[in-house]
Amino acid sequence: MTLGTTYDPNNIFAKIIRGEMPAIKVFEDQDALAFMDIFPQSRGHTLVIPKKAGATNFLDADPADLSVLIGKVRRVAEGVVAALGPDGVRIMQFNGTPAGQTVFHLHFHIIPVFENEPVKRHAGEKADIAELEALAEKIRAALA
Ligand code: AMP
């Protein structure tokens, strides 16, 4: 899917927002939802998405919606950092298949980076769900 792709209301993140698919959530308010990436690139890899459907990527999002969303990304990133104490954190965002995008509902990646723990490839191995739950619990506590 290239830039300019029409929004598919049945994409996996839209289904998570509607409660039709499970997700390990760490934050939710009227504007945004944050949950654990199930193919994490690092311990604590978290995704932040707008609840509003319609934007496949950064470029077709309303700038006013983006400005709200980036505040939520910052808040969740602070929680991830407080909970897990990484040495660094990547805030990432991909637009279009050639750029690495695999889910076509706008989202930001929060990828904590730990010294001596290599960052894994994008959308690679599925995580152990119990481990994700334990990480999510710490992040939720930090965000509370
Ligand atoms: P992107 O490739 O930038 O579109 O990011 C999509 C991300 O969603 C990838 O990092 C995937 O690992 C992740 N992902 C795909 N399906 C799910 C799911 N059901 N729950 C949580 N994360 C998912």
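Residue indices begin at 1 and follow the sequence shown. Whatever order the structure lists ligands and atoms in, that order sets their numbers, starting from 1.
Polar contact check, H45 against ligand 1: no nitrogen or oxygen pair lies under 3.5 Å apart. At least one N or O atom of G100 sits closer than 3.5 Å to an N or O atom of ligand 1. By the 3.5 Å distance cut-off applied to N or O atoms, A123 is not counted among the residues near ligand 1. Remark: ligand 1 and T102 share an N or O pair separated by less than 3.5 Å (distance only, no angle test).
Note on ligand 1: F35 sits in its first shell, one or more heavy atoms being nearer than 4.0 Å. Distances from ligand 1 to the non-hydrogen atoms of H109 include at least one value under 4.0 Å. Put simply, no part of Q41 is less than 4.0 Å from ligand 1, judged by heavy atoms. At least one heavy atom of H122 sits under 4.0 Å from some atom of ligand 1.
The ligand atoms of ligand 1 that sit less than 4.0 angstrom from a heavy atom of I12 are 19 (N). Close approach of ligand 1 to F94 (heavy-atom distance below 4.0 Å) involves ligand atoms 3 (O).
Here D37 contributes atom CG and I111 contributes atom CD1; the two are 7.5 Å apart, rounded to the nearest 0.5 Å.
Considering only non-hydrogen protein atoms, atom 20 (N) of ligand 1 sits nearest to I38 CG1, 3.4 Å.
Between V113 and V89 there is no side-chain heavy-atom pair separated by less than 4.5 Å.
Atom CZ of R140 is surrounded by more than 12 heavy atoms from other residues, nucleotides or ligands within 6.0 Å.
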Begin from the C-alpha positions of F94 and H109 and carry the test ring-ring contact (aromatic ring centres under 6.0 Å, His included) through to its verdict.
-> CA-CA 9 Å; F94 305 107; H109 295 260; 5.3 Å; yes

